[in-house]
Amino acid sequence: QVQLVESGGRLVQAGDSLRLSCVASGSTFNYNMGWFRQAPAKEREFVATIGWNGGGIWYADSVRGRFTISRDNAKNTIYLEMDDLKPEDTARYYCARRYGNDYRVVASYDYWGQGTQVTVSS
């Protein structure tokens, strides 16, 4: 079993920066991870992924250049640094463990956290 707990979400203004954290427990932290987000009445969408060794980083087009994913395996933690936030980034952000090859789809992830809310005001 893997437990994932996200934190760091809050209300910010457009142009602000924010860092989300996701702490994993219950298993050795040697797996690929990802961030997704879900806005009200929308499907959960891929944001970023990172490989178990810190490589294999990919971003959604909508966040590339503004968001940075990273990890600290010594702390069993992954991060999502979000810069130049926009109102359209408003969503609940989830971290998840990836076991599948297609990092863009929800079905490639098996364990999910409860999410942390990010709200960006204009």
Side-chain angles (χ1 to χ4, degrees):
Q1 285 285 346
V2 175
Q3 293 81 43
L4 302 171
V5 179
E6 304 94 335
S7 63
R10 61 182 177 89
L11 173 64
V12 297
Q13 294 190 339
D16 284 354
S17 296
L18 199 59
R19 188 176 80 160
L20 305 183
S21 300
C22 169
V23 180
S25 61
S27 177
T28 304
F29 194 53
N30 58 347
Y31 34 82
N32 304 325
M33 295 289 293
W35 285 98
F36 279 69
R37 66 186 182 186
Q38 188 167 20
K42 292 189 176 182
E43 293 187 353
R44 193 167 297 190
E45 65 172 0
F46 167 74
V47 174
T49 188
I50 186 168
W52 67 272
N53 61 353
I57 291 176
W58 299 94
Y59 297 98
D61 290 343
S62 58
V63 307
R64 187 177 296 111
R66 298 188 298 122
F67 289 12
T68 303
I69 189 171
S70 62
R71 67 190 295 157
D72 184 341
N73 287 348
K75 297 181 179 180
N76 284 8
T77 302
I78 66 166
Y79 305 96
L80 186 67
E81 181 73 37
M82 306 185 293
D83 297 321
D84 190 23
L85 282 161
K86 306 176 185 299
E88 52 264 40
D89 294 319
T90 295
R92 192 164 187 83
Y93 284 72
Y94 299 87
C95 68
R97 186 181 78 163
R98 178 163 64 88
Y99 72 96
N101 291 327
D102 190 346
Y103 57 82
R104 300 164 297 177
V105 301
V106 169
S108 289
Y109 298 78
D110 54 358
Y111 289 97
W112 295 81
Q114 293 300 305
T116 185
Q117 179 67 36
V118 174
T119 303
V120 184
S121 65
S122 57

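Heads up: numbering here begins at 1 and tracks the sequence. Fair warning: this is a prediction, and the values are worked out from it, not measured in the lab.
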Check your understanding: Where the side chain of Glu6 meets the backbone of Gln114, is there a donor-acceptor pair that is under 3.5 Å apart?
Key -> yes
Review point. Hey, is CG on Asp102 packed in by over 12 heavy atoms from elsewhere, all under 6.0 Å?
Key: yes
Revision key, fill the gap. Here the gap from Ser122 atom OG to Lys86 atom NZ, rounded to the nearest 0.5 Å, amounts to 12.5 Å
Exercise for review: Using a strict 4.0 Å threshold on nitrogen-to-oxygen distance, state whether Arg64 and Asp61 make a salt bridge.
Suggested key: yes
Review point. Side chains of Lys75 and Ser21: does their closest heavy-atom pair fall under 4.5 Å?
Key: no
Review point. Is there a path of hydrophobic side-chain contacts, each under 4.5 Å between heavy atoms of I, L, V, M, F, W or Y residues, that connects Trp58 with Trp52?
Key: no
Revision key, fill the gap. Nearest heavy-atom contact between Asp89 and Tyr93 is O-OH, 2.7 Å
Check your understanding: Parallel under 30°, tilted from 30 to 60°, perpendicular over 60°: which one fits the rings of Tyr109 and Trp112?
Key -> tilted
Practice item. Verify whether the ring centers belonging to Tyr59 and Phe67 lie closer than 6.0 Å. Key: no
Check your understanding: Taking all atoms of both residues into account, what is the closest heavy-atom pair of Glu81 and Ser17, and its distance?
Key -> OE2-CB, 4.3 Å
Practice item. Would you indicate whether the side-chain heavy atoms of Trp35 and Leu20 approach each other to under 4.5 Å? Key: yes
Point to revise | Minimal non-hydrogen separation, Thr77 against Phe29, with atom names | key: N-CE2, 3.5 Å
Check your understanding: Hey, does the Lys NZ or Arg CZ of Arg104 hover above the aromatic six-ring of Phe46, less than 6.0 Å from the centre and inside 45° of the axis?
Key -> no
Review point. Side-chain heavy atoms under 4.5 angstrom apart, residues restricted to Ile, Leu, Val, Met, Phe, Trp, Tyr: same cluster for Val106 and Val2?
Key: no
Check your understanding: Could you go step by step and tell me if Arg37 and Val63 meet the side-chain contact (heavy atoms from CB on, under 4.5 Å) rule?
Key -> CA-CA 11 Å; Arg37 66 186 182 186; Val63 307; 4.0 Å; yes
Practice item. Taking all non-hydrogen atoms of both residues into account, name the closest pair between Arg92 and Gly115 and its distance. Key: NH2-O, 2.9 Å
Study note, to complete from the structure: Rounded to the nearest 0.5 Å, the OH atom of Tyr94 sits from the CG atom of Leu4 at a distance of 13.0 Å
Exercise for review: Give the cluster check for Val47 versus Ile57: same hydrophobic cluster or not, with ILVMFWY residues linked at side-chain heavy-atom distances below 4.5 Å.
Suggested key: yes
Check your understanding: Would a hydrophobic clustering, with Ile, Leu, Val, Met, Phe, Trp and Tyr connected at side-chain separations under 4.5 Å, put Tyr31 with Ile69?
Key -> yes
Point to revise | Rounded distance (nearest 0.5 Å) linking atom CZ of Arg19 with atom CG of Asp83 | key: 11.5 Å
Practice item. Mind checking the OG1-CD spacing from Thr90 to Gln117? Nearest 0.5 Å is all I need. Key: 7.5 Å
Exercise for review: Could you grab the distance from atom CG of Asn73 to atom CD1 of Ile78, nearest 0.5 Å is fine?
Suggested key: 10.5 Å
Review point. Does a side-chain heavy-atom distance below 4.5 Å link Met82 with Val118?
Key: yes
Check your understanding: For the hydrophobic clusters of this structure (ILVMFWY residues joined by side-chain heavy atoms under 4.5 Å, transitively), does one cluster hold both Leu80 and Phe36?
Key -> no
Exercise for review: Calculate, to the nearest 0.5 Å, the distance between atoms OH and CZ belonging to Tyr103 and Arg98 respectively.
Suggested key: 8.5 Å
